[in-house]
Amino acid sequence: MAGYQFNDIEKKWQQYWEENEAFKASLDTTKPKYYSLDMFPYPSGAGLHVGHPLGYIASDIISRYKRINGFNVLHPMGFDAFGLPAEQYAIQTGQHPAITTEQNIKRYKEQLKNIGFSFDWEKQVETCDPNYYKWTQWIFSKLFDSWYNYDTAKAEHIDSLIAVFKKSGNTSVNAECGEEVIDFSAEDWKVFDEKQQSDILLQYRLTYLAETSVNWCPELGTVLSNDEVKDGFSERGGYPVIRKNMMQWSMRITAYAERLLEGLERIDWPEPLRDMQRNWIGKSIGAEVTFKAGEVDIPVFTTRLDTIYGVTYLAVAPESDFVDQLTTSDQKEVVKEYVAVAKNRSERDRMSDVKNISGVFLGSYAEHPFTGEQVQVWVADYVLSGYGTGAVMAVPSGDQRDYDFAKHFDLPIIPVYDNQNIKEQADPRKDGKLINSGILNGFTYSEAIKKATDYIEEKNIGTAKINYRIRDAIFARQRYWGEPVPIYFDNGIPKLVDSNDLPVVLPEVDKYLPTEDGDPPLGRAEDFTYTPSGSTESYPLELSTMPGWAGSSWYWFRYMEANNDNEFVSKDAQEYWQAVDLYIGGSEHATGHLLYSRFWCKFLYDMGLVQEDEPFKKLINQGMIQGRSNFVYRINGTNTFVSHNLRKEHKCTRMHVDVNIVYNDELDLNAFKVWRPDLKDSEFILEDGKYHCGVEVEKMSKSKYNVVSPDDIVSKYGADTLRLYEMFLGPLEQFKPWNTNGIDGVYKFLRKMWNLFHDDNELLNISEEKATKEELKSIHKTIKKVQEDIERYSFNTPVSAFMICVNELTTLKCNKREVLEPLTMIVSPYAPHIAEELWKLLGHEGGVTNADFPSFDEAYLKEDAHEYPISINGKMRVKIKFPFDMPKSEIEKEVLESEAVQKWTEGKTPKKVIIIPNKIVNIVV
RNA sequence: GCCGGGAUGGUGGAAUUGGUAGACACGUCAGACUUAAAAUCUGAUGACCUUUGGUCGUGCGGGUUCAAUUCCCGCUCCUGGUACCA
């Protein structure tokens with residue numbers, strides 16, 4: 001018996017690593033640091049599937065590679081443990097989500113350890129641990145205590161703002177703030193009572209409480225942030241979402257819009273991902289200009305001030321205050337009706353009904369600020385209340401929506417460019433000269449923009465302005481399983497829990513549902529109050545909890561020192577580890593986690609708490625591993641299932657079937673009958689004696705029965721095979737369906753490599769002889785290739801290089817230490833267990849982890865001769881060998897004189913001969 | 001609609017700076033070993049043809065170049081994001 005016994009080997013080395021703390025990252029300043037991070041998983045009840053480890057394997061390869069290249073590597077893992085599934089499960093079963101979560105974490109950890117990752121488990125974090133969320137609450141407090149000063153372009157402590165208010169009121173303050181701020185003087189400030197002062201400050205704080213229009217999900221009983229809503233449905237669970245006005249905690253991420261945009265230029269992230277963030281932030285450069293409608297000022301935002309003379313009407317959003325202010329009495333009824341209908345439509349309806357043009361004339365007119373003409377003011381639901389000013393100037397000649405609206409309601413359309421073609425549709429071109437445009441006539445686009453902007457600023461009716469699409473992030477959920485917000489209420493005034501009293505621990509409740517009064521579940525807790533030190537009175541605490549992204553917005557700092565009780569991270573640790581060097585994870589977090597993390601990091605940077613304002617220097621998106629679902633076809637109303645190709649002969653319904661009882665798309669009939677009790681008496685209509693299943697590639701999920709667990713692969717082939725195979729599957733970034741078609745090839749490679757170290761009798765058989773030139777060439781070629789590929793984050797191509805090398809060495813029957821040692825080392829990041837075993841067989845103590853990546857010698861790669869492909873008129877014809885580094889002139893001479901070339905050129909003198917040394921010779925006849 | 005990404009044999013994929021397209025692996029076929037099977041090993045394997053040779057071939061149509069999977073222009077299809085964002 002024996003051969004490659006992966007089971008014994010893997011267990012043995014996993015234990016060895018653990019006992020020797022092989023991957024402990026200490027603060028060793030004598031070595032350069034490398035921080036490689038994975039997006040930590042949410043520990044779901046289904047356990048890991050084969051898609052999870054994909055990114056982890058890649059980052060593990062980099063981590064192990066960096067270690068044997070002399071780096072001190074921080075490679076941690078933890079759990080994003082607050083979340084809805086555990087809470088939904090708690091609601092159904094009454095089991096405390098902490099228990100469920102703990103069980104799931106235990107299982108995840110076991111599975112991860114089986115794959116042999118080089119995580120430093122001592123630094124594990126769990127976001128639901130009070131020792132962790134104490135610091136999440138602490139950062140919340142810091143945000144609450146801060147405002148954003150545009151003059152200094154950074155966040156500052158709220159005290160500096162209060163000092164300004166005391167001295168000179170708020171008129172000179174250039175800050176990001178809410179919309180309801182009114183101007184006040186220093187004297188006003190002094191006479192405001194505590195509540196009034198608090199309300200004003202809330203308009204400036206970076207976390208604030210305000211009445212906002214939120215995404216409310218009735219099924220989940222909570223609000224959701226924009227990135228948690230997809231197409232009008234909740235991302236988790238897929239329940240409908242409606243708009244609703246509510247008093248809510250929010251984060252003033254809009255203050256950082258410009259810096260979040262600017263920072264994207266400085267980080268090495270995939271371009272598509274940066275584009276997504278740019279779109280999400282949605283910067284528009286334009287101008288705000290005011291139209292006067294009697295007493296009412298209507299400011300509008302536009303990116304096309306050049307087309308101002310093309311304005312033929314104004315449109316306002318149904319929700320905006322302008323509707324009430326500008327509706328004349330004779331239009332009152334129709335407007336009221338229209339607004340009621342528009343407001344009652346759900347987001348979903350409004351989205352799906354884009355083509356229907358609707359609107360009502362308010363009865364009022366506004367004065368055009370350039371021409372003085374009167375233009376009609378309409379209410380229309382294509383105007384959004386949440387963007388810009390809730391009112392737009394309509395230029396039907398240049399904007400398709402305005403054009404459609406004008407056509408529909410027979411409003412005038414005025415072209416403003418000499419080359420505009422507006423017969424069929426709006427023409428947004430801006431490369432002509434302006435016409436019909438008063439003072440702008442004859443100008444080009446950019447000249448007109450400048451001229452018009454100068455004009456409105458001079459006349460004091462508007463100003464150049466930049467608008468952002470990004471909204472402040474709602475920072476509260478009416479749920480139980482999240483971080484409590486460290487705020488208490490003193491007579492309705494929100495105040496911070498003293499930092500010495502953190503954490504505010506999540507209280508016990510009898511049920512995980514809202515109270516009868518509609519308060520969040522924390523309202524069920526007994527005595528959920530706070531008594532400030534020195535006070536005898538206790539105050540009610542905030543009942544909302546933080547959203548899922550709170551804990552993940554700073555966790556990479558905590559890994560540096562997961563057990564620090566005094567600080568969120570110490571200065572020393574933070575200054576050494578700095579930013580994450582490599583971050584691997586899915587692109588689904590583009591506009592959520594990855595944006596919020598950058599926001600928090602920049603804030604912590606402003607506070608002087610961290611050194612780097614961008615958290616993740618290099619980021620790679622791993623592609624999803626999709627599931628390959630199998631289907632059976634049940635004839636309606638029967639217990640009979642028909643094979644895939646015969647299904648059209650019957651009326652049948654498609655049903656997902658567990659992929660684990662299907663082999664090569666052929667159903668295991670007996671396994672099927674015992675799969676579920678109701679299938680016990682199933683009958684089958686077969687083709688060729690077999691039941692063929694239908695196939696489709698979909699996202700891996702429990703409900704589709706297409707989940708493949710890495711455990712099965714590990715027990716059948718071993719962890720090293722799984723690791724190699726997941727990399728061999730294709731480029732890391734690519735989406736690909738899971739299949740095990742090629743796994744044998746990878747497994748075979750490992751056995752072949754094992755056999756290089758063993759003769760027929762399974763004995764260690766290492767030769768101390770000097771290696772031949774051929775053998776050295778093979779190994780050095782491989783070292784070079786693997787090194788170059790890993791350095792450019794290509795994880796799949798080195799596997800092929802390994803296979804070629806082992807094949808060559810097997811053919812050469814090479815068993816020499818001089819060759820096997822470097823081979824073992826370079827394979828170790830990919831297949832660490834077998835590498836450790838072989839390393840030991842080679843007589844080394846201490847593990848391959850402590851070895852040095854072998855250097856390659858260019859000399860072995862030099863060829864004695866290069867075989868030049870000779871092309872004649874662009875076609876490859878013959879190959880001729882010439883010595884390495886032979887001068888061009890000699891090559892040319894010999895090539896032209898050669899018989900083979902003579903045959904093709906038919907003796908003619910070539911027009912041109914192009915020679916690329918050591919590559920190719922091209923002859924043009 | 002707008003902004004991205006992609007398309008290469010029967011299959012997954014390789015080709016890093018424009019330089020021998022199809023590496024490596026799977027699958028298939030043939031052979032060796034075996035009583036047999038498994039395992040292992042060897043060879044063949046893009047298509048086509050008049051087969052010691054030749055033609056075509058990287059989604060489609062053009063272009064640049066001695067030379068294009070690679071660069072440029074115009075399409076088709078798949079896919080991700082986003083959407084009355086003024």
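Chain letters run A, B, ... following the sequence lines, proteins first, then strands; residues in each count from 1. Note that the structure is predicted; figures quoted are calculated from it, not measured.
- Residue A:R751 is classed as a sugar-phosphate contact, given heavy-atom separations below 4.0 Å to backbone atoms only.
- Comparing B:rC84, B:rU16, B:rG19 by their nearest atom to the side chain of A:Y382 picks out B:rC84.
- Distances shorter than 4.0 Å separate some side-chain N or O of A:R469 from OP1 or OP2 on B:rA83.
- Atom-to-atom, CG of A:L595 to P of B:rU82 comes out at 12 Å; the value is rounded to the nearest Å.
- Anti is the classification of B:rG80, since its glycosidic angle lies more than 90° from 0.
- Geometric assessment of A:R628 against the ring of A:W738 yields a negative cation-pi assignment under the 6.0 Å and 45° thresholds.
- Taking the C1' atoms as reference points, B:rA21 lies 47 Å from B:rC85, given to the whole Å.
- Comparing atom distances between the A:S800 side chain and each of B:rA23, B:rC41, B:rC66 picks out B:rA23 as nearest.
- Within the 4.0 angstrom heavy-atom criterion, only backbone atoms of the sugar-phosphate kind lie near A:K752; the bases stay farther away.
- Residue-level contact check: A:S871 touches neither bases nor backbone, having no heavy atom under 4.0 Å from any strand.
- Straight-line distance between the P atoms of B:rA67 and B:rU17: roughly 22 Å, to the nearest whole Å.
- If you take atom P in B:rU70 and the same atom in B:rG6, they sit 13 Å apart, rounded to whole Å.
- One interatomic measurement links the two molecules: CE of A:M393 to C1' of B:rC85, which rounds to 15 Å at whole-angstrom precision.
- A:E424 has no carboxylate O lying under 4.0 Å from a charged side-chain N of A:K407, or vice versa, which leaves the two without a salt bridge.
- At the phosphate of B:rU16, neither OP1 nor OP2 sits under 4.0 Å from any side-chain N or O atom of A:S794.
- Using a 4.0 Å heavy-atom cutoff across all strands shown, A:N741 reaches sugar-phosphate atoms only and no base atom.
- In this structure, A:L326 and A:I298 have side chains that are in contact, with non-hydrogen atoms separated by less than 4.5 Å.
- Nucleotides B:rC75 and B:rG31, compared at atom C1', are 50 Å apart to the nearest Å.
- One can place CD1 of A:I281 at 14 Å from P of B:rU82, the figure rounded to the nearest angstrom.
- Between the side chain of A:K919 and the base of B:rU17, no donor-acceptor pair of N or O atoms lies under 3.5 Å.
- Using a 4.0 Å heavy-atom cutoff across all strands shown, A:Q734 reaches sugar-phosphate atoms only and no base atom.
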Residues A:Y313, A:F405; criterion ring-ring contact (aromatic ring centres under 6.0 Å, His included); working and verdict:
CA-CA 10 Å; A:Y313 66 99; A:F405 195 86; 5.3 Å; yes
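- Note: CD (A:Q626) to P (B:rG12) measures 13 Å, nearest angstrom.
- Nearer the 5' end of RNA chain B, as judged by each residue's closest nucleotide, is the contact made by A:E271, out of A:E271 and A:F728.
- Residues A:K283 and A:L261 form a side-chain contact, since some pair of their non-hydrogen atoms from C-beta on lies under 4.5 Å apart.
- Classification of the A:H368-A:F370 ring pair by plane angle, with boundaries at 30° and 60°, yields perpendicular.
- Between B:rG59 and B:rU55, the two C1' atoms lie 22 Å apart (nearest whole Å).
- Atom-to-atom, CG of A:D399 to C1' of B:rA83 comes out at 14 Å; the value is rounded to the nearest Å.
- Among the atoms of the strands shown, only primed sugar atoms or phosphate atoms (P, OP1, OP2) are found under 4.0 Å from some heavy atom of A:P731.
- Nucleotide B:rC56 has B:rG46 as its partner under the Watson-Crick or G-U criteria, with both atom distances under 3.5 Å.
- The glycosidic torsion of B:rU51 lies within 90° of 0, which places this base in the syn conformation.
- Spacing of P atoms, B:rU45 relative to B:rG63, comes out at 35 Å, to the nearest Å.
- If you take atom C1' in B:rG61 and the same atom in B:rG80, they sit 27 Å apart, rounded to whole Å.
- The nucleotide whose nearest atom lies closest to any side-chain atom of A:I914 is, among B:rG19, B:rG81, B:rC3, B:rG19.
- Between the NE2 atom of A:H589 and the P atom of B:rG81 there is a distance of 13 Å, given to the nearest Å.
- Within the nucleic acid shown, A:N807 comes within 4.0 Å of sugar-phosphate atoms alone, with no base atom in reach, counting heavy atoms only.
- We find that CD1 of A:I804 is positioned 13 Å from P of B:rG22, with the value rounded to whole Å.
- Side chain of A:K748, nearest nucleotide from B:rU82, B:rU40, B:rA86: B:rU40.
- In this structure, A:V924 reaches the sugar-phosphate backbone alone: every heavy-atom distance under 4.0 Å involves primed, P, OP1 or OP2 atoms, never a base.
- Side-chain proximity of A:K879 to B:rC85, B:rU16, B:rU20: nearest is B:rU20.
- Contact annotation: A:R278 side-chain N/O to B:rG4 OP1/OP2 distance is not under 4.0 Å.
- Out of B:rC3, B:rA86, B:rC84, the shortest distance to the side chain of A:Y387 is found at B:rA86.
- Between A:T797 and A:M803, the residue whose closest nucleotide on RNA chain B is further toward the 5' end is A:T797.
- Residue-level contact check: A:K911 touches neither bases nor backbone, having no heavy atom under 4.0 Å from any strand.
- Residue A:N467 is out of contact with every strand shown, counting any heavy-atom pair closer than 4.0 Å.
- Residues A:D381 and A:Y338 have side chains in contact (heavy-atom distance under 4.5 Å, counting atoms from C-beta outward).
- Using atom C1' as the reference point in both B:rU82 and B:rA68, the two lie 34 Å apart (nearest Å).
- Put simply, A:N922 has no side-chain N or O that comes within less than 4.0 Å of OP1 or OP2 on B:rG19.
- Rounded to the nearest 0.5 angstrom, A:L809 CG and A:I779 CD1 are separated by 6.0 Å.
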